[in-house]
Asker: 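Below you'll find the structure I mean.
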Amino acid sequence: SSPTRRSSDLTARGRLALSKERLAWFATLAGEPAGAEDAIQESIAIYQQLAAQSVPGERREAAMAYKTLAEVQKRIGRKKEALANCRQSLESSKAMQAESPQDDQTKTDIAQETVLLVDLLRENGQPDEAREQTKRALADLKPLALAANPKRTYLVDYVALLVGTAPAPFATAEEAIKFAKTAVDFMKGADPETLDLLAKAFDRAGRVADAVAVEQKAIAQLPPLDPGRPMDQRRRELDETLATLQAKAAKAGAKRPTQ
């Protein structure tokens, strides 16, 4: 076959693998994760075959698919496997960054992979490494997140790492609130993820009533529930956070002495 035909076939295979991976991820978010791991692993195998044939961009697709696989496994309770695949994703991205240090896309990938890694280290009972990774990532992200017009990813990942570290050795509770408010404002107050981070920052500072109010705002920004389908993962997670905060607020109210 001609080189043009071969190139076209390889591109089609890459697109098919990406479609399969995305469908598996969205099904997991929609509360239907059956078969998602297998589908993503099949996509990874295709990306790796294409990368071995020097198809542009496929190394990155493989690295990102390992992260997607880790995200799926985290959500279905396979924490150990999720941690291993997240490490694989991060190592691949770091290898690509070493080859092209100025590549902004790889920097963004590494920031997102590190946030997931820290989360999975904590879930796997490895707080010391989680703290070390957080420290390193915050140092790398700080100048990017606090730039005059930062990329959303850098700002949100910076706040996620600050807010997710408890007790907070890297920022005071008030500093975490300040950065979280910056992220919310950056997204015009209409983004569930940044509102959820601000609610968590308020909670860390002991301002539980504020946390409840902001978490309710986060949930209000989600798409409406579809009665015919399972509750999606994002709504379930925010609902669980809200229930925890409301229970905490009720407990705090019960403890208050009567005036």
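Because the structure is predicted, anything quoted here is derived from the model rather than measured.
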Asker: With side-chain contact (heavy atoms from CB on, under 4.5 Å) as the test, would you mind laying out the steps for Asp191 and Val184 before giving the verdict?
Answerer: CA-CA 7 Å; Asp191 173 55; Val184 167; over 6 Å; no

Asker: Might you point out which heavy atoms bring Ala145 and Tyr154 nearest each other, and give the distance in Å?
Answerer: CB-O, 3.7 Å

Asker: Should Arg234 and Glu193 be marked as a side-chain contact (heavy atoms from CB on, under 4.5 Å) after you check the CA-CA gap, both sets of side-chain angles, and the distance that decides it?
Answerer: CA-CA 9 Å; Arg234 201 179 196 191; Glu193 184 182 6; 4.1 Å; yes

Asker: Nearest 0.5 Å, what's the CE-CG distance between Met64 and Leu18?
Answerer: 12.0 Å

Asker: Using atom types as modelled and distance alone, determine if a side-chain donor or acceptor of Ser93 lies under 3.5 Å from a backbone N or O of Leu90.
Answerer: no

Asker: Kindly indicate whether the side chain of Arg75, heavy atoms from C-beta on, has any atom under 4.5 Å from the side chain of Trp25.
Answerer: yes

Asker: What closest approach, in Å, do Met96 and Ala63 show between heavy atoms, and which atom pair accounts for it?
Answerer: CE-CB, 3.8 Å

Asker: Hydrophobic clustering (ILVMFWY, side-chain heavy atoms < 4.5 Å, transitive) - are Val163 and Leu161 grouped together?
Answerer: yes

Asker: State plainly whether the residues Lys74 and Glu81 are in salt-bridge range, i.e. N to O under 4.0 Å.
Answerer: no

Asker: Which heavy atom of Ser89 sits nearest to which heavy atom of Tyr66, and what is that distance?
Answerer: CB-CB, 3.8 Å

Asker: Flag the pair Asp140 and Lys107 as a salt bridge only when some basic side-chain nitrogen lies within less than 4.0 angstrom of an acidic carboxylate oxygen.
Answerer: no

Asker: First locate atom OG1 of Thr194, then atom CG of Leu155, and finally report the distance between them rounded to the nearest 0.5 Å.
Answerer: 8.5 Å

Asker: Please walk me through it: do Leu138 and Tyr158 pass side-chain contact (heavy atoms from CB on, under 4.5 Å)?
Answerer: CA-CA 6 Å; Leu138 285 173; Tyr158 185 71; 3.5 Å; yes

Asker: Is it true that the side chains of Asp103 and Thr106 contain a donor and an acceptor less than 3.5 Å apart?
Answerer: yes

Asker: Using the side-chain contact (heavy atoms from CB on, under 4.5 Å) rule, take Gln126 and Leu83 through it: C-alpha gap first, then chi angles, then the decisive distance, then the call.
Answerer: CA-CA 11 Å; Gln126 298 179 39; Leu83 179 57; 3.6 Å; yes

Asker: Let me see the working for Asn85 and Gln73 under side chain to side chain donor-acceptor pair (under 3.5 Å), right down to the final yes or no.
Answerer: CA-CA 9 Å; Asn85 284 313; Gln73 289 169 327; 2.8 Å; yes

Asker: Is there a salt bridge (charged side-chain N to carboxylate O under 4.0 Å, His left out) between Glu37 and Arg78? Walk through the geometry before answering.
Answerer: CA-CA 11 Å; Glu37 281 183 284; Arg78 286 164 57 79; 2.8 Å; yes

Asker: Report whether Phe26 and Ile40 are members of the same hydrophobic cluster (ILVMFWY, side-chain heavy atoms less than 4.5 Å apart, transitive linking).
Answerer: yes

Asker: Distance check, rounded to the nearest 0.5 Å: Leu29 atom CG versus Arg236 atom CZ?
Answerer: 10.0 Å

Asker: Measure the CG-SG distance between Leu120 and Cys86 for me, rounded to the nearest 0.5 Å.
Answerer: 5.5 Å

Asker: For Gln233 and Glu237, which I'm curious about, is there any donor-acceptor pair between the side chains at under 3.5 Å?
Answerer: yes

Asker: For the pair Lys200 and Asp196, find out whether any cationic side-chain nitrogen is under 4.0 Å from an anionic carboxylate oxygen.
Answerer: yes

Asker: Which atom pair, heavy atoms only, marks the closest approach of Gln133 to Thr114?
Answerer: O-CG2, 4.2 Å

Asker: Does the distance from a Lys or Arg side-chain N to an Asp or Glu carboxylate O, for Arg122 and Glu129, drop under 4.0 Å?
Answerer: no

Asker: Test salt bridge (charged side-chain N to carboxylate O under 4.0 Å, His left out) on Lys67 and Glu71; report intermediate values, then the result.
Answerer: CA-CA 6 Å; Lys67 177 178 176 282; Glu71 294 267 22; 3.3 Å; yes

Asker: Please check if atom NZ in Lys79 has more than 12 non-hydrogen atoms from other residues, nucleotides or ligands closer than 6.0 Å.
Answerer: no

Asker: Below 3.5 Å, can you tabulate the donor-acceptor pairs from side chains in residues 213-223 to any protein atom, sequence neighbours excluded?
Answerer:
none

Asker: What heavy-atom pair brings Glu58 and Gly14 nearest, and what distance separates the two atoms?
Answerer: OE2-CA, 4.2 Å

Asker: I'd like to know whether Arg59 forms a salt bridge (charged side-chain N to carboxylate O under 4.0 Å, His left out) with Glu99, so could you lay out the CA-CA distance, the side-chain angles of the two residues, the decisive distance to 0.1 Å, and finally the verdict.
Answerer: CA-CA 12 Å; Arg59 277 178 73 197; Glu99 292 163 23; 2.9 Å; yes

Asker: Give a yes or no on whether Phe186 and Leu195 share a hydrophobic cluster (residues Ile, Leu, Val, Met, Phe, Trp, Tyr; joining criterion: side-chain heavy atoms under 4.5 Å apart).
Answerer: no

Asker: When rounded to the nearest 0.5 angstrom, what is the spacing between CG in Leu121 and CD in Glu132?
Answerer: 11.5 Å

Asker: Under 3.5 Å, is there a donor-acceptor pair between the Thr182 and Asp185 side chains?
Answerer: no

Asker: Are Leu141 and Phe170 connected in a single hydrophobic cluster, I mean Ile/Leu/Val/Met/Phe/Trp/Tyr linked by side-chain heavy atoms less than 4.5 Å apart?
Answerer: yes

Asker: Can you tell me how far the CE atom of Met187 sits from the CG atom of Leu197, to the nearest 0.5 Å?
Answerer: 11.5 Å

Asker: For Val159 versus Phe179, what's the shortest heavy-atom pair and its separation?
Answerer: CG2-O, 3.5 Å

Asker: Would the distance check show the side chain of Glu91 and the main-chain N or O of Gln88 forming a donor-acceptor pair, the cut-off being under 3.5 Å?
Answerer: no

Asker: Taking Leu146 as the starting point, is it possible to reach Val156 by hopping between hydrophobic residues whose side chains are less than 4.5 Å apart?
Answerer: yes

Asker: Do Gln49 and Arg13 make a side-chain contact, defined as non-hydrogen atoms from C-beta onward lying under 4.5 Å apart?
Answerer: yes

